[in-house]
There are 2 protein chains.
Amino acid sequence: MQLKNHVEWALHCCSVLAALPEDERIPAKLLAELHGIPREYLSKALQALSSAGIISGTLGPTGGYKLARAPGRITFLDIVEAVEGKGRTFVCTEIRDNMPCAEKPPAKGKTRRPCAVARVMYDADKAWRSHLQSVTLADLAKTVEKEVPLRVLKGNAEWLAAKRNA
Amino acid sequence: MQLKNHVEWALHCCSVLAALPEDERIPAKLLAELHGIPREYLSKALQALSSAGIISGTLGPTGGYKLARAPGRITFLDIVEAVEGKGRTFVCTEIRDNMPCAEKPPAKGKTRRPCAVARVMYDADKAWRSHLQSVTLADLAKTVEKEVPLRVLKGNAEWLAAKRNA
DNA sequence: CTTATTACGGATATTTATTATCCGTATTTA
DNA sequence: TAAATACGGATAATAAATATCCGTAATAAG
Ligand code: SF4
Ligand code: SF4
């Protein structure tokens with residue numbers, strides 16, 4: 001059980017976009033080159049983020065992506081769910097119905113209370129999501145600013161600027 | 001991202017074993033029939049549980065599986081990690097090293113503090129595991145006893161006993 | 001208007017993980 | 001001795017993740 005690498009890419013890209021001056025954009029090509037990952041494949045992740053309303057893309061030359069709203073209003077959960085889906089990690093296939101003396105499954109349309117096993121797993125899932133929801137891109141930016149040497153931050157920003165004006 | 005169905009099977013089987021009188025055993029064949037799942041495949045999950053020290057299997061006729069320790073000392077996390085592995089759900093491929101102005105990766109043997117992104121994901125993972133660790137098989141048994149009609153519990157127990165003496 | 005550049009989305013191939021089955025070996029009870 | 005069992009290795013089938021390709025529409029600049 002592993003999150004797909006789209007998640008890591010999406011988080012990184014959002015982190016980079018969060019450090020971008022208002023009304024500037026970065027094309028997918030540059031984001032891919034910056035991270036050393038396949039451009040076409042990264043595009044899928046970016047499109048997922050876009051259709052989830054987290055980033056917004058604009059067409060044409062000088063086009064590219066930028067955050068669709070303030071970094072303080074984008075949580076890790078938003079990003080993870082955008083690329084990984086909102087589905088639960090534990091799926092119940094109702095094997096209890098195969099037990100010889102099981103209760104009969106509910107009539108079509110009606111739903112049954114999830115069993116005790118499933119509820120524990122769902123609650124764990126909720127705890128995971130809850131933690132992801134408690135951290136925003138703004139929080140991340142603050143941490144990065146504290147931990148990454150200024151030289152590195154500046155260097156990357158300049159590399160980006162140079163590439164975009166080339 | 002989804003847990004494998006082994007997890008569901010393992011949880012169910014442990015739940016059944018927890019309701020078993022001391023010094024009785026259930027062979028894999030019966031556990032599979034009880035749940036309507038493929039026997040040979042279920043065996044893999046049971047072997048994983050066994051080698052993790054959660055259940056113990058004995059050979060020969062009248063052999064089978066039973067819990068290796070008291071239900072109160074077996075947590076959901078024990079079971080999940082036994083079949084799913086202890087690996088983290090978020091894997092960091094260190095794509096930051098591809099950034100043009102990245103810090104150099106640490107010398108061989110040395111480790112680097114995980115980056116801010118990874119730490120958030122790891123903490124979420126920890127929250128998930130922590131919740132799973134807080135629930136034991138004994139807790140589950142108590143809930144099941146409360147929620148499942150006595151008729152069903154009895155019926156299944158009798159089905160099991162009949163099969164084992166056949 | 002034309003051209004270059006971009007996001008977007010559909011189709012498809014490749015690789016890996018999950019799901020499932022098969023069978024031989026060792027151990028234990030009757 | 002024979003039947004029943006756990007165990008583990010090998011392998012096949014299926015699904016999911018990873019990756020690439022290409023056509024379309026939109027936009028900015030010359
Ligand atoms: S997890 Fe619960 S609901 Fe799902 S199959 Fe098992 S017993 Fe049934
Ligand atoms: S998650 Fe953090 S450590 Fe992992 S690649 Fe991204 S920046 Fe690097």
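Below, chain A is the first sequence line, B the second, and so on; all start at residue 1. Since this is a predicted model, take the numbers as computed values, not measurements. Just the heavy atoms: all of them, side chains too, but no hydrogens, waters or symmetry mates, feed the values below.
What you find for B/T93 and A/E8 is that their closest heavy atoms are OG1-OE1, 2.9 Å. What you find for B/H131 and A/A127 is that their closest heavy atoms are CB-CB, 4.5 Å. Nearest heavy-atom pair across B/C115 and B/R96 is CB-NH1, 3.1 Å. In terms of heavy atoms, A/A45 sits closest to A/V83 at O-CG1, 4.1 Å. Summarising the geometry of B/L67 relative to B/C14, their closest heavy-atom pair is CD2-O, 4.2 Å, with the distance given to 0.1 Å. The two residues B/T143 and A/A116 have their closest heavy-atom pair at CG2-CB, 3.8 Å.
Within 4.0 Å of A/S50, counting heavy atoms only, lie sugar-phosphate atoms of the nucleic acid but no base atom.
Of the options A/R129, A/R73, A/R69, A/K86, a salt bridge (Lys or Arg N to Asp or Glu O under 4.0 Å) to A/D78 is made by A/R69 and by none of the others.
Rotation axes derived from the C1' atoms of the five outermost pairs at either end of the helix from C/dC1-D/dG30 to C/dA30-D/dT1 lie 10° apart, to the nearest 10°.
Counting heavy atoms from C-beta on, the side chains of A/S134 and A/T75 never come closer than 4.5 Å. Contact annotation: the side chain of A/L11 approaches that of A/V7 to within less than 4.5 Å [non-hydrogen atoms, C-beta and beyond]. Inter-residue side-chain proximity for A/R39 and A/E33 is flagged as unmet; no heavy-atom pair is nearer than 4.5 Å. You'll find the side chain of B/M1 reaches within 4.5 Å of the side chain of A/M1, heavy atoms only.
Between A/H12 and A/H35, the two ring planes are perpendicular [angle over 60°; tilted spans 30° to 60°]. Ring orientation note: the planes of A/Y41 and A/H6 are tilted relative to one another, at an angle of 30° to 60°.
Spacing between atom CG of B/L30 and atom C1' of D/dA4 amounts to 12 Å, rounded to whole angstrom units. Rounded to an integer number of Å, the gap from NZ of A/K4 to P of D/dA17 is 5 Å.
The nucleotide range of DNA chain C contacted by chain B, defined by atoms under 4.0 angstrom from heavy atoms of the protein and reported 5' to 3', is C/dT19 to C/dT29.
Using a 4.0 Å cutoff on non-hydrogen atoms, the parts of residues 31-48 of chain A near DNA chain D are A/P38, A/E40, A/Y41, A/K44, ordered by number. Listed by residue number, the members of residues 13-22 of chain B with any heavy atom below 4.0 angstrom from DNA chain C form an empty set.
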Legend entry - side-chain contact (heavy atoms from CB on, under 4.5 Å) assessment of A/W9 paired with A/K44: CA-CA 11 Å; A/W9 299 352; A/K44 298 300 179 192; over 6 Å; no

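Considering only side-chain N and O atoms, A/N5 lies under 4.0 angstrom from the phosphate OP1 or OP2 of D/dT18.
Applying the ring pair (Phe, Tyr, Trp, His ring centres under 6.0 Å) test to residues at least two apart or on different chains, none of the pairs has a partner in residues 63-87 of chain B.
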Enumerate the protein-to-nucleotides 25-28 of chain D contacts in which both atoms are nitrogen or oxygen and the separation is below 3.5 Å.
none

